[in-house]
Chemist: 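Take this structure, written in structure tokens, and hold onto it; I'll ask about it next.
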Amino acid sequence: GYYGDFGGAYIPEMLYPNVEELRLKYVEIMQEPSFQKEFQNLLKEYVGRPTPLYFAKRLSEKYNTKIYLKREDLCHTGAHKVNNTIGQILMAKRLGKNRIIAETGAGQHGVATATVCALMGLECIVYMGEIDIARQAPNVARMKMLGATVVPALSGSRTLKDATNEAIRDWINNPVDTHYIIGSVVGPHPYPDMVARFQSVISEEIRKQLKEKEGSENPDYVIACVGGGSNAAGAFYHFLDEENVKLIAVEAAGLGVNSGESAATSVLGNEGIIHGSKTLLMQTKDGQITEPYSISAGLDYPGVGPLHAHLCKSKRAEFIAITDDEAMEAGLELCKLEGIIPAIESSHALAVFKSKKFKENDIVILNLSGRGDKDLDTYIKYFKL
Ligand SMILES: Cc1ncc(COP(=O)(O)O)c(/C=N/[C@H](C(=O)O)[C@@H](O)C(C)C)c1O
């Protein structure tokens, strides 16, 4: 359960039975033919996979390189999060669980969890920071309509890290009948690996689609935004051992990495434990989690998955920090050039083209993790629409 020096399961003793049960069973369950059959069928019939690998002609012309967008914004629920929740709800059923809990920040993961609970008729409780409930109101309404109970996290800074703490507290109190669907490649082993495996359908499809379109399975670059790191883990997964495929992980610089209002964990973080995992996190000198900031709730996370801590330390991936302003401008530019309104998280990845030069015949894949519907309020305020 380690990625280099990072990973592991540093959990309270009372959580050990739940996590140990999962660790012992998850690979075996995922490899069962009946599991794979149901998983692949739901991804196709319910999520709408495969998602297009769309050649963005006008964007490519603007930046004089070849840009393909992997359209995770077209998944059912509007983001990549559902790839993971489909896998985990099937896992929960095979583990005999009938109560589901989850944490969410941007609300996408909460919606994706509520969606699969409605699909399978399971009880769903989503913990969400009171601050995030206010700034992602449309997703809160969606979760309620889908039958979930949204519980405001009132502890700490009342954002994602507190929602995660409250979900962990719930799981400790309800070990037998409850499965905790973690929304990103974070948390104690086996979650980072399990979530990455479920999201790896993204790069599995990219390889097939690129082969058809360009005659080669390998692009020159894969770019993805990183909050906890699940959409990036999925987009990178099948390229990790292909050293000519360069990986670019994009974090939220917020108001700037030296502004004190940022979520650029690879720049501002150092080694520590967060939510049961040894990784890089933004912390005070006595190891308390520092409150991050980003205009996007989805990247507003003070840690990063252990896989990405390793990719950063081993320099297998280049980490770029993008500010609120750079992201918002890039999001609006995609609207005008390609008629696609991206999630603000995904807009951070798009902003790379402004600052990094690619060669004319480079093939660049950008993982468009979600669509911008949930962010219209923020776009309206920012651009005074
Ligand atoms: C459209 C979209 N794109 C990217 C992200 C960042 O999450 P990762 O892909 O796991 O790095 C997110 C993260 N959303 C989470 C959520 O909806 O709850 C996030 O807030 C937390 C789970 C980290 C997202 O919604």
Side-chain angles (χ1 to χ4, degrees), residues 70-75 77-85 88 102-115 126-129 131-133 135-136 138-140 142-143 148 150 153 159-164 167 180-187 191-192 195-196 198-200 202 223-237 249-252 263 265-266 274-275 279 281 292 294-309 311 317 319 322 327 331 341-350 366-375 378:
K70 183 58 176 164
R71 300 294 308 278
E72 294 307 294
D73 59 311
L74 294 181
C75 290
T77 72
H80 67 292
K81 294 288 174 183
V82 67
N83 302 326
N84 168 51
T85 58
Q88 289 210 43
E103 86 296 332
T104 196
Q108 284 308 116
H109 172 57
V111 166
T113 302
T115 298
V126 179
Y127 290 92
M128 190 169 189
I131 302 264
D132 287 333
I133 286 178
R135 68 177 171 176
Q136 304 277 306
N139 273 339
V140 176
R142 284 190 188 94
M143 283 182 258
V150 180
T159 57
L160 177 73
K161 72 173 175 57
D162 316 292
T164 307
Y180 177 13
I181 297 189
I182 293 187
S184 190
V185 285
V186 297
Y191 278 101
V195 175
F198 286 138
Q199 290 291 357
S200 70
I202 296 174
I223 307 176
C225 64
V226 173
S230 66
N231 89 86
F236 294 170
Y237 197 85
V250 184
E251 290 183 305
T265 309
S266 69
I274 181 171
H275 300 137
T279 185
L281 72 136
S294 165
I295 194 169
S296 78
L299 302 183
D300 193 8
Y301 181 62
V304 73
L307 163 66
H308 296 288
L311 293 179
F319 276 69
I322 292 291
I341 301 177
I344 298 179
E345 292 84 6
S346 320
S347 298
H348 283 74
L350 287 159
L366 188 128
N367 202 36
L368 208 69
S369 57
R371 64 172 181 239
D373 302 54
K374 69 175 174 66
D375 297 314
T378 310

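Just follow the structure's listing: the first ligand is 1, and inside any ligand the first atom is 1.
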Chemist: State, without any angle test, whether Glu345 and Asn231 hold a side-chain donor-acceptor pair at a distance under 3.5 Å.
Modeler: no
Chemist: Considering only the protein, which heavy-atom contact is closest to atom 8 (P) of ligand 1, and what is its distance?
Modeler: Ser230 N, 3.3 Å
Chemist: Go through Gln108 and Gln136 one step at a time and tell me if the side chain to side chain contact (heavy atoms under 4.5 Å, CB included) criterion holds.
Modeler: CA-CA 9 Å; Gln108 284 308 116; Gln136 304 277 306; 5.8 Å; no
Chemist: Considering only heavy atoms of Gly105, which atoms of ligand 1 have at least one such atom less than 4.0 Å away?
Modeler: 16 (C), 18 (O), 20 (O)
Chemist: Tell me which protein heavy atom sits closest to atom 6 (C) of ligand 1, plus the residue, atom name and distance to 0.1 Å.
Modeler: Gly298 O, 3.4 Å
Chemist: Please enumerate all residues that pass salt bridge (Lys or Arg N to Asp or Glu O under 4.0 Å) together with Arg142, with sequence neighbours excluded.
Modeler: none
Chemist: Could you tell me whether some N/O pair between Glu103 and ligand 1 is separated by less than 3.5 angstrom?
Modeler: no
Chemist: Less than 3.5 Å between some nitrogen or oxygen of Gly227 and one of ligand 1, yes or no?
Modeler: yes
Chemist: For atom 11 (O) of ligand 1, which candidate among Gly229, Cys75, Ala163 provides the closest heavy atom?
Modeler: Gly229
Chemist: Quick one: ring-ring contact (aromatic ring centres under 6.0 Å, His included) partners of Phe236, sequence neighbours excluded?
Modeler: none
Chemist: Do any heavy atoms of Ala297 fall under 4.0 Å from ligand 1?
Modeler: yes
Chemist: In the protein, what heavy atom is nearest to atom 23 (C) of ligand 1, and what distance, to one decimal place, separates them?
Modeler: Leu160 CD2, 3.4 Å
Chemist: When you measure from the heavy atoms of His80 to every atom of ligand 1, does any distance fall below 4.0 Å?
Modeler: yes
Chemist: From Thr164 OG1 over to Met128 CE, what is the distance, rounded to the nearest 0.5 angstrom?
Modeler: 11.5 Å
Chemist: Considering distance alone, does some N or O of Gly107 sit under 3.5 Å from an N or O of ligand 1?
Modeler: yes
Chemist: What's the shortest distance from atom 20 (O) of ligand 1 to any protein heavy atom, and which residue and atom give it?
Modeler: Ala106 N, 2.7 Å
Chemist: So which heavy atom in the protein is nearest atom 3 (N) of ligand 1, and how far is it from that ligand atom?
Modeler: Ser369 OG, 2.8 Å
Chemist: Could you tell me whether Val226 approaches ligand 1 through its side chain, its backbone, both or neither, with non-hydrogen atoms closer than 4.0 Å?
Modeler: backbone
Chemist: Please report the closest heavy-atom contact between Ile133 and Val150, naming both atoms and the distance.
Modeler: CD1-CG1, 4.1 Å
Chemist: What I want to check is whether the side chains of His109 and Ser184 have a donor and an acceptor closer together than 3.5 Å.
Modeler: no
Chemist: Quick test of your reading of the structure: of His308, Lys81, Glu251, Gln108, whose heavy atom lies closest to atom 12 (C) of ligand 1?
Modeler: Lys81
Chemist: Between ligand 1 and Gly228, is the shortest N or O to N or O distance under 3.5 Å?
Modeler: yes
Chemist: Less than 3.5 Å between some nitrogen or oxygen of Ser346 and one of ligand 1, yes or no?
Modeler: no
Chemist: Looking only at protein heavy atoms, which one is nearest to atom 16 (C) of ligand 1, and how far off is it?
Modeler: Thr104 OG1, 3.3 Å
Chemist: Would you name the heavy atoms of Glu251 and Thr265 that are closest together and state the gap between them?
Modeler: OE2-N, 3.3 Å
Chemist: Just distances here: any N/O of Leu299 and N/O of ligand 1 closer than 3.5 Å?
Modeler: no
Chemist: Does an N or O from His109, backbone or side chain, lie closer than 3.5 Å to an N or O of ligand 1?
Modeler: yes
Chemist: Tell me, yes or no, whether the heavy-atom count around Ile341 atom CD1, taken from other residues, nucleotides or ligands under 6.0 Å, exceeds 12.
Modeler: no
